[in-house]
Amino acid sequence: MASQAKRLSPRGLKDSLPVTDEVARSVQEGRDAFQRALKTPIPLIQNSSHPGLLVMVGPCSIHDTAAGMEYAQRLAAAAKKYRGELLIAMRVYIEKPRTTVGWKGLVHDPDLVQGEESDLTRGLSVSREIMLRVAELGLPIVTEVLSPFVLPFIQDLLSCGIIGARTTESQTHREIASDAPMPVGFKNGTNGTVSVALDAIQAAAQPHSFLSVDDDGHLIDHFSAGNPDTFVVLRGGSDGPNYSAQHIRQAELAMANARQPVRLVVDCSHGNSMKDYRRQPEVAANVANQISAGAAIAGVMLESNINPGRQNISPDGLCGLQYGVSVTDGCISWEETERVLEGLAASVRARQTVPLTPAISVPLSSMQKTLEKLQPSVSVVELSG
Ligand SMILES: O=C[C@H](O)[C@H](O)COP(=O)(O)O
Ligand SMILES: C=C(OP(=O)(O)O)C(=O)O
């Protein structure tokens, strides 16, 4: 028998777990940094105003908030170490879209009771709480935007939203993206079709009238302004991976044909790793090579956890599980993640040491103008001799 419905309001939860001014500032800085990272390609000369390569990294899903926080602390240190080269954001995924059925994430089932009646009210609260604690570390948060009813409880803590492969074609999700106060990435479809993500970014850029939920939990007739800060995430699909240089060029061309700015992120997991987490470093290394050679890739996504692999949910709930191991898709270990981050940072450095000697002779004044347009912090000086 269904239990008695409880009334929930985003305002009630936000009042019990409020953001401080410092957290609000840090979330806004994360949103701005994402915007800048997407707007212009990683510069060929070091430029302090560009935040570097976007790296969205973290567990496939959060099921144990203590392990999630331990991961966040490690990642916050890495984010500091690579500041200026990598813009690191943590995947704090609290909802999981399932191909058929399965655990739907911390929001829906915080006690891992799968199939039995779960405590969604507690799920919302522990999900907001871990996001708040991660944001307090100064780490930008990225999550999949799945339920339109969950988003108002956590939106103020997000620096970026992702619409997953199973919902990129959904009008509801495109409407939500059109109203989001942050950049939103659309994944290609599960079968590998990129055109649906391109359709989505065009739809999300437009204003929409749609039903939404306000802070008091009431349905409202809402009007969105349209979101120009969207991007495509290439995640591969059932027809194989789509991260090769050829795939990147095809995607760039498709975006240009759709009159969209080229903003591409490669997901090293899912279809691109052929669902084998151990392949993610190989995908990341390939992407790193492309980045050092100047490819128009704004960022990468990685599924990573404290310990490698995955495990099935045990009937004993959290007590029956190995610490720091995913209960959804397999993840690379923290040690492997450190190696991948170093490789990505090295690719940004390599891109920025490409010799700038022009192959043809151009007048100094015109070269100076072009360079200053591309890199406002650079000045060209004439050398004698
Ligand atoms: O990223 C996670 C999974 O790929 C996604 O939730 C689908 O999982 P499933 O096919 O195991 O249901
Ligand atoms: C579900 C996910 O990805 P996708 O939508 O690409 O399957 C994910 O990144 O957790």
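When a ligand or atom number is given, it counts from 1 through the structure's own listing order. Counting from 1, the numbers follow the sequence of the chain as shown.
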Item checked: CD on Glu303 to CG on Asp329, rounded to 0.5 Å -> 5.0 Å
Next item on the list: Find all atoms of ligand 2 within a distance of less than 4.0 Å from any non-hydrogen atom belonging to Arg166, and give their numbers and elements.
Entry: 4 (P), 5 (O), 7 (O)
Next item on the list: Around atom 2 (C) of ligand 2, find the nearest protein heavy atom and jot down its residue, atom name and distance.
Entry: His270 NE2, 3.4 Å
Notebook entry, point to check: Using a heavy-atom cut-off of under 4.0 Å, does the side chain or the backbone of Asp329 touch ligand 1, or both, or neither?
Noted result: side chain
Note to self: Counting non-hydrogen protein atoms only, what is the nearest one to atom 3 (O) of ligand 2? Give residue, atom name and distance.
What the structure shows: Lys187 NZ, 3.0 Å
Notebook entry, point to check: Which ligand 2 atoms are under 4.0 Å away from a heavy-atom of Lys96?
Noted result: 1 (C), 8 (C), 10 (O)
Notebook entry, point to check: Which atoms of ligand 1 sit under 4.0 Å from any heavy atom of His270?
Noted result: 1 (O), 2 (C), 4 (O)
Item checked: Nearest neighbour in protein (non-hydrogen) for atom 11 (O) of ligand 1 -> Arg98 NH2, 3.0 Å
Check: Between Asp109 and Arg122, is there a side-chain N and carboxylate O pair less than 4.0 Å apart?
Finding: no
Next item on the list: Any atoms of ligand 1 less than 4.0 Å from a non-hydrogen atom of Lys275? List them with their elements.
Entry: 4 (O)
Note to self: Looking at Glu136 and Arg133, is there a salt bridge between them, counting it only when a charged N and a carboxylate O are closer than 4.0 Å?
What the structure shows: yes
Note to self: Quick check on contacts: which atoms of ligand 2 are under 4.0 angstrom from a heavy atom of Arg91?
What the structure shows: 8 (C), 9 (O), 10 (O)
Next item on the list: Find out if a path of hydrophobic residues (ILVMFWY) with successive side-chain heavy-atom gaps under 4.5 Å connects Leu157 to Leu146.
Entry: no
Check: Can you list the ligand 1 atoms lying under 4.0 Å from a non-hydrogen atom of Lys96?
Finding: 1 (O), 2 (C), 6 (O)
Notebook entry, point to check: Does an N or O anywhere in Cys60 fall below 3.5 Å from an N or O of ligand 2?
Noted result: no
Item checked: Neighbour count above 12 (heavy atom, 6.0 Å) for Phe210 CZ -> yes
Check: When only distance counts, is Pro97 in polar contact with ligand 1, meaning an N/O pair under 3.5 Å?
Finding: yes
Item checked: Sole residue of Ser326, Cys331, Pro308 in side chain to side chain contact (heavy atoms under 4.5 Å, CB included) with Tyr277 -> Pro308
Note to self: Within 45 degrees of the ring normal and closer than 6.0 Å to the centroid, is that where the cationic atom of Arg91 sits relative to Tyr93?
What the structure shows: yes
Next item on the list: Using a strict 4.0 Å threshold on nitrogen-to-oxygen distance, state whether Glu336 and Arg339 make a salt bridge.
Entry: yes
Next item on the list: Determine whether more than 12 heavy atoms belonging to other residues, nucleotides or ligands lie under 6.0 Å from atom CD of Gln171.
Entry: no
Notebook entry, point to check: Can you list the ligand 1 atoms lying under 4.0 Å from a non-hydrogen atom of Thr99?
Noted result: 7 (C), 9 (P), 10 (O), 12 (O)
Notebook entry, point to check: Is Gly102 in contact with ligand 1, taking contact as a heavy-atom separation below 4.0 Å?
Noted result: no
Item checked: Ser26, Pro140, Pro183 screened by side chain to side chain contact (heavy atoms under 4.5 Å, CB included) with Ser159, the one that passes -> Pro140
Notebook entry, point to check: What atoms of ligand 2 come closer than 4.0 angstrom to any heavy atom of Pro97?
Noted result: 1 (C)
Margin query: Taking Glu95 first and then Lys104, would you say they form a salt bridge - that is, a charged N and a carboxylate O separated by under 4.0 Å?
Written below: no
Next item on the list: Considering heavy atoms of the protein only, find what lies nearest to atom 5 (O) of ligand 2 and give residue, atom and distance to 0.1 Å.
Entry: Ala165 N, 2.8 Å
Item checked: Proximal ligand 2 atoms for Tyr93, defined as those under 4.0 Å from one of its heavy atoms -> 8 (C), 9 (O), 10 (O)
Note to self: Under a 4.0 angstrom heavy-atom cut-off, which atoms of ligand 1 come close to Cys60?
What the structure shows: 1 (O), 2 (C)
Margin query: Need the ligand 2 atom indices (1-based, order shown) with element for anything under 4.0 Å from a heavy-atom of Glu144.
Written below: 1 (C), 2 (C)
Note to self: Suppose I only count heavy atoms of Arg235 and a 4.0 Å limit; which atoms of ligand 2 are within that range?
What the structure shows: 4 (P), 6 (O), 7 (O)
Check: Would you call Arg351 and Glu85 a salt bridge, using N to O less than 4.0 angstrom?
Finding: no
Note to self: Counting only heavy atoms closer than 4.0 Å, does ligand 1 sit against the backbone of Arg166, its side chain, both, or neither?
What the structure shows: side chain
Check: When you look at Arg174 and Ile163, which way does the side-chain contact (heavy atoms from CB on, under 4.5 Å) test go after all the steps?
Finding: CA-CA 8 Å; Arg174 293 171 176 185; Ile163 306 295; over 6 Å; no
Notebook entry, point to check: Under 4.0 Å from any heavy atom of Glu303, which atoms of ligand 2 are there?
Noted result: 10 (O)
